[in-house]
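Chain identifiers are assigned alphabetically (A, B, ...) following the order of the sequence lines, protein sequences preceding nucleic acid strands; residue numbering begins at 1 within each chain.
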Amino acid sequence: MEIASKYDPRAVEEKWYEFWLEKKLFHSEPDNRRAYTVVIPPPNVTGVLHMGHMLNNTIQDVLVRRARMMGKNACWVPGTDHASISTEAKVVKMLSEKGIDKRSLTRDEFLKYAWEWKEKYGGIILKQLRKLGASCDWDRTAFTMDDIRYESVIRVFVDLYNKGLIYRGARMVNWDPQALTAVSDEEVIYKESHGKLFYLKYFVENREQRTENGVLGKDYIVVATTRPETIMGDTAVCVHPEDERYQWLKGKRVIVPGVGRVVPIIMDEYVDREFGTGALKITPAHDINDYNLGLKHSLESINIFNDNGTLNENGGKYAGMDRFACRKAIMKDLEEANLVEKTEDYVNKVGHSERTDAVIEPKLSTQWFVKMSEIAKKALEVVENGRIQFHPEKFKNSYRHWLENIKDWCISRQLWWGHRIPAYYLELGTESGERRTEIIVAVSEDEARKIAKEKYGYTGVLRQDEDVLDTWFSSWLWPISLFDGIRNPDNEEIKYYYPTDDLITAPDIIFFWVARMIMAGEEYRDEVPFKHVYFTGIVRDKLGRKMSKSLGNSPDPIELIEKYGADGVRMGMLLTAPAGNDLPFDESICEQGRNFANKIWNALRLVKGWTVSSELQQSAENAVSIEWMEQRMACVLEQIEKDFEQYRLSEALMSTYKLIWDDFCSWFLEMIKPAYGSPIDRETYNAAIRIFERLMCMLHPFMPFITEEIWHILQTCDENENVAKLGENSSVMMQHMPVSVFFDQRMLDDCDLAREIIAGVRNTRNSKGLSPKEVLDLFVVKGDGVGFNPRFDGIVKKLGNVGTIEYVSEKVDGAVSFMVGTTECFIPLKNKDIDVDAECKKLEEELKYAEGFLASVMKKLGNEKFVNGAPEKVVAVERQKKADAEKKIEALKAQIELLKK
RNA sequence: GGGAGUUUAGCUCAGCUGGUUCAGAGCACUUGCCUUACAAGCAAGGGGUCAUUGGUUCGAAUCCAAUAACUCCCACCA
């Protein structure tokens, strides 16, 4: 059977994914093995796969597949997030394209559309993950709004409310005028924006003037603002109490320009005298600081905006206008009325909504909050004391800072798509005849009714809160709710799978998600939700820009997979992505992965092409080759294990890559490769197949598809032993991961020396323009004990195409030479002139370098302080260097002499 | 404004508690090869004052300080 010389991943990848699914190899049930659990950071249910997901899920898959092969009961739970704001926005948009206005629908009608939308587009992203090879337990696929998760969220809300950790209150919140909802502080992104600073004149009431030494001064105060449209809401002007410039205004009142309202001058130390004119206009309804000052000084609060960011009836002639249009209009009017002193360019930070990018409007409204101070303490502690480890560790700093300065979490959203707040309102008449509203928080309306009756004897209508909860209020329960640990805290699954092991996520949701999961874990399990958090970097393009839809600089992951194969793309991503480092992604990196897959494929072709002889005796070289390869694998395995312990996945992959490409393909296979047309002995062949298999196991977590394909083909190679073990469900992913064993470093060093000699021979050929086919003889000057180990003679002969190797004690005349360490090698050039001059020049350069090196060593050794101060070992090393250098110089000098003769 | 991090070859990055793992790896590059596994390849090779300046030390890429550049996070300066 002819095998194609190019590896084609497409058919292979599809075939094996189907196989894994069919055999349910990703499925996990609690048993007596140790559990290894990962929960997926649930992507937006209506999202599509982007490069960030690719990176994130590749890393998860590597860890999960490796754990599985290490004998653990690996469980990777997939799922999606309902993403309330962005999904609702998408549905609203879809409806408006159909000519349907959300406001014309009832809540139930809208939700029906939303669920339809979710059914249609939801889960595309999970399908895409299969193409990547993700070994998720699909039977466990969850959704943050499915029954179990919904009920868990509601129960937690009720519980926290009863514990006094959730409260309802009127506060200044971040209002998104596009999504028409409040958002949490974390959902506000501050962006630098180039705006203007407007200097407006506020005339003193009755045009009273300042008197300075009997001379009349100004009759107005200038206030600098970036938001002139808010002057309709001004209820004071504030200056610093110690500001000399404004003492004359104490107790006076001023006229808001263009509005005509008279407002007081107040004094407060909050004002920065250096900024602007040192005078601040106060708009309590539309600025958090002004709001606080308003409370302090009992100022009136005038709301001038509608929820959608247009001016309301308090906006006077500007009512109905958008806030930014109003800014222009009002400035024009003020200019005309000569109420503007000047306008400056100004750069400041403006808050934008994370989801809609609309400019956030501070707004006073009644919302639900979670009290954070107490639960934050525990969450900080478990990271500080190492119960949870961050990789890389530097994220501990920002985590700590956030938790130490935490504010209450606004969790209500004025949306319909989400978990509806289980708060019920009832109107009670009181004895004095007034009406009073009571709130009952309960897991269901029935429950609420029961409480209403018991507590208030009320049997009338209950009105449920219209708002839903912040999406993260369900995400923070994810590691628990996935195993139904909220509703059934003692069930077998939660006890077995929780706490999970590793969480892989991007650092931008450390506060949104990671920190809050830790809080929920402590609150509801009294146990951390995971032991390690691996923060991936952000995927950027070649120019260092974040990949985004709007820039169009993000490649389509599915197209990449089609082009390079999932294995190739996985390898490309992993190679450039150490934990926490941003990943400058360039499509061409996937080529390396694709090429690697092809390399392995061709190694298979080579091995498959051999004819095997059971009669043939194993040669000594082959025996040594196998021994060496085994040692080499043990050595690299040790390194890889260390790398995994430290979550250095790219290093682990690189080690595996070099082991396979360099050690296995370039050296080992060449060592044992029989001459064309000749068979290979059975013993060597079987050993090679076993080594190949183990290499596929080692590589499998990184490149699951090709390793599965090759592993299966290898099973058919070793007829004596392996056919029987290929049972129905056999898969490379069910094999044991090879583990490191003791290895003989001396053996590896000896072989390295042999490899260097081979390189020396090849180099000689190259520089002398000799054909690789021409057989050369090699003379090695015997060292004093240490040096070249003749065990490798056969290998040197084979790979260097060397005829004879002789160990001599004298230098060889009429030969080119090279040195490996302190070992001198000579290659006589039969029937060839040696370019004496060139050879001398080369040697003299080497000599010069060696002398320089010796000089620096001598300088060190000549330094008494060094000899006395440095540890014995270090000095001994220097002495050895000196001896080696002297030996080398001597040898070089002798060689030059010889040549010149 | 506060905090954190980064700076090592053309690119992306390793270099732990100072000393033979000390200047490394992969890719890219150069030269020669279509050598019956692989040109998505083989063989060989060339690249770096370890950001700058000082200091500590017998000895610094490594420790300390200052400077510069870049990145990220946090914060209500109108």
Using atom P of each nucleotide, how far apart are B/rA51 and B/rU35 to the nearest Å? 45 Å
Trace of the side-chain contact (heavy atoms from CB on, under 4.5 Å) decision for A/Val607 with A/Phe692: CA-CA 10 Å; A/Val607 173; A/Phe692 207 157; 4.3 Å; yes
Can A/Asp268 and A/Lys296 be counted as an ion pair, charged N to O under 4.0 angstrom? yes
Could you tell me if the side chain of A/Arg171 sits less than 4.5 Å from the side chain of A/Leu364, heavy atoms only? no
P-based separation of B/rG15 from B/rC58 [nearest Å]: 29 Å
Search all heavy atoms of A/Asn602 against all heavy atoms of A/Ser5 and return the closest pair with its distance. ND2-O, 3.2 Å
Syn or anti for B/rG47, given that syn means the glycosidic angle lies within 90° of 0? syn
Can you confirm whether or not the ring centre of A/Phe668 sits under 6.0 Å from the ring centre of A/Phe664? yes
Go through the steps to decide whether A/Arg594 and A/Met571 satisfy the test side-chain contact (heavy atoms from CB on, under 4.5 Å), and finish with yes or no. CA-CA 8 Å; A/Arg594 180 200 59 182; A/Met571 176 159 167; over 6 Å; no
Quick one: do A/Arg227 and A/Glu361 make a salt bridge, cutoff under 4.0 Å? yes
Give me the distance, rounded to whole Å, that separates B/rU52 from B/rA61 when you measure between the C1' atoms they each carry. 14 Å
Check the angle between the aromatic planes of A/Phe390 and A/Phe535 and answer parallel, tilted or perpendicular using the 30° and 60° thresholds. perpendicular
Could you list, one pair per line, each protein nitrogen or oxygen that sits under 3.5 Å from a nitrogen or oxygen of nucleotides 39-43 of chain B, together with the distance?
{"from": "B/rA40", "atom 1": "O4'", "to": "A/Asn595", "atom 2": "OD1", "distance (Å)": "3.0"}
{"from": "B/rA40", "atom 1": "O2'", "to": "A/Asn598", "atom 2": "ND2", "distance (Å)": "3.0"}
{"from": "B/rA40", "atom 1": "N3", "to": "A/Arg594", "atom 2": "NE", "distance (Å)": "3.4"}
{"from": "B/rG41", "atom 1": "OP1", "to": "A/Asn595", "atom 2": "ND2", "distance (Å)": "3.3"}
{"from": "B/rG41", "atom 1": "O3'", "to": "A/Lys599", "atom 2": "NZ", "distance (Å)": "3.3"}
{"from": "B/rC42", "atom 1": "OP1", "to": "A/Lys599", "atom 2": "NZ", "distance (Å)": "2.6"}
{"from": "B/rC42", "atom 1": "OP1", "to": "A/Trp661", "atom 2": "NE1", "distance (Å)": "2.8"}
{"from": "B/rA43", "atom 1": "O3'", "to": "A/Arg762", "atom 2": "NH1", "distance (Å)": "3.4"}

Roughly, in whole Å, what's the span from CG in A/Leu575 to P in B/rA14? 13 Å
B/rG59 and B/rA25, which share atom name C1', separated by this distance in whole Å: 27 Å
Do A/Ile757 and A/Cys825 come within less than 4.5 Å of each other through their side chains, counting heavy atoms only? yes
Between B/rU57 and B/rC29, how far apart are the C1' atoms? Round to whole Å, please. 40 Å
Glycosidic conformation of B/rU31, syn or anti, with 90° from 0 as the boundary? anti
Could you work out, with ring-ring contact (aromatic ring centres under 6.0 Å, His included) as the rule, every residue matching A/Tyr246, not counting sequence neighbours? none
Return the polar atom pairs (N/O with N/O) between nucleotides 56-59 of chain B and the protein under 3.5 Å, or none.
{"from": "B/rC58", "atom 1": "O2'", "to": "A/Asn863", "atom 2": "ND2", "distance (Å)": "2.9"}

Can you tell me, in whole Å, how much space there is between the C1' of B/rC42 and that of B/rC34? 10 Å
Could A/Lys196 and A/Tyr346 be counted as a cation-pi pair, given that NZ or CZ must be under 6.0 Å from the ring centre and within 45° of the axis? no
Distance under 6.0 Å and angle within 45° of the ring axis: does A/Arg762 meet both against A/Trp667? yes
Is the base of B/rU52 syn or anti, if syn means a glycosidic angle within 90° of 0? anti
In whole Å, what is the span from the CE atom of A/Met573 to the P atom of B/rC13? 13 Å
With sequence neighbours excluded, tell me which residues meet side-chain hydrogen bond (donor to acceptor under 3.5 Å, both in side chains) with A/Asp243. A/Arg245
Got a sec, which residues hit side-chain hydrogen bond (donor to acceptor under 3.5 Å, both in side chains) with A/Trp409, two or more places apart in sequence or on another chain? A/Asp470
Rounded to whole angstrom, note down the P distance from B/rC22 over to B/rC16. 13 Å
Would a 4.5 Å heavy-atom cut-off, applied to side chains only, mark A/Val183 and A/Glu354 as touching? no
Output yes when A/Glu587 and A/Lys563 qualify as a salt bridge under the 4.0 Å nitrogen-oxygen rule, no when they do not. yes
Any non-hydrogen side-chain atom of A/Val237 less than 4.5 Å from a side-chain atom of A/Leu280? no
Determine, for nucleotides 46-51 of chain B in 5'-to-3' order, which nucleotides have protein heavy atoms under 4.0 Å from the base (write B), from only the sugar-phosphate (write S), or from neither (write -). ------
Any ion pair linking A/Arg516 and A/Glu186 (charged N to carboxylate O, less than 4.0 Å)? yes
Taking Watson-Crick (N1-N3 plus N6-O4 or O6-N4) and G-U wobble (N1-O2, O6-N3), each under 3.5 Å, can you produce the dot-bracket string of RNA chain B? Use [ ] for crossing pairs and | for inter-strand ones. (((((((..((((.....[....)))).(((((.......))))).....(((((..]....))))))))))))....
A/Asp643 atom CG is separated from B/rC16 atom C1', nearest whole Å, by 13 Å
Using the test ring-ring contact (aromatic ring centres under 6.0 Å, His included), find all partners of A/Phe866 that sit at least two apart in sequence or belong to another chain. none
Under 3.5 Å, which protein N or O atoms sit close to an N or O of nucleotides 3-8 of chain B? Give each pair with its distance.
none

Do A/Val340 and A/Met331 touch side chain to side chain, with heavy atoms closer than 4.5 Å? yes
Scan nucleotides 20-25 of chain B against the protein and return all N/O pairs shorter than 3.5 Å with their distances rounded to 0.1 Å.
{"from": "B/rA25", "atom 1": "O2'", "to": "A/Lys658", "atom 2": "NZ", "distance (Å)": "3.1"}

Once each nucleotide of nucleotides 72-78 of chain B is scored for protein heavy atoms under 4.0 Å, what B/S/- sequence comes out, 5' to 3'? -SSBBBB
Please tell me if the side chains of A/Gln639 and A/Ser655 come closer than 4.5 Å, counting only heavy atoms from C-beta onward. yes
Using the test ring-ring contact (aromatic ring centres under 6.0 Å, His included), find all partners of A/Trp601 that sit at least two apart in sequence or belong to another chain. A/Tyr7
Rounding to a whole Å, what distance do you find between A/Asp586:CG and B/rC11:C1'? 10 Å
Shortest side-chain distance from A/Val874, nucleotide among B/rA37, B/rA14, B/rG19: B/rG19
Integer-rounded Å distance: B/rC16 P and A/Tyr647 OH: 22 Å
Short side-chain N/O contact from A/Arg648 to OP1 or OP2 of B/rG15, under 4.0 Å: yes
Is the base of B/rU49 syn or anti, where syn means the angle lies within 90° of 0? syn
Protein-nucleotide distance (A/Glu587, atom CD; B/rU12, atom C1'), rounded to Å: 17 Å
Any chance you could lay out the side-chain contact (heavy atoms from CB on, under 4.5 Å) test for A/Ser193 and A/Val347, step after step, and finish with the verdict? CA-CA 6 Å; A/Ser193 97; A/Val347 178; over 6 Å; no
From CG of A/Leu770 over to C1' of B/rA44, roughly how many Å is that when rounded to an integer? 13 Å
Provide the distance between the two P atoms, one in B/rC76 and one in B/rU49, to the nearest whole Å. 47 Å
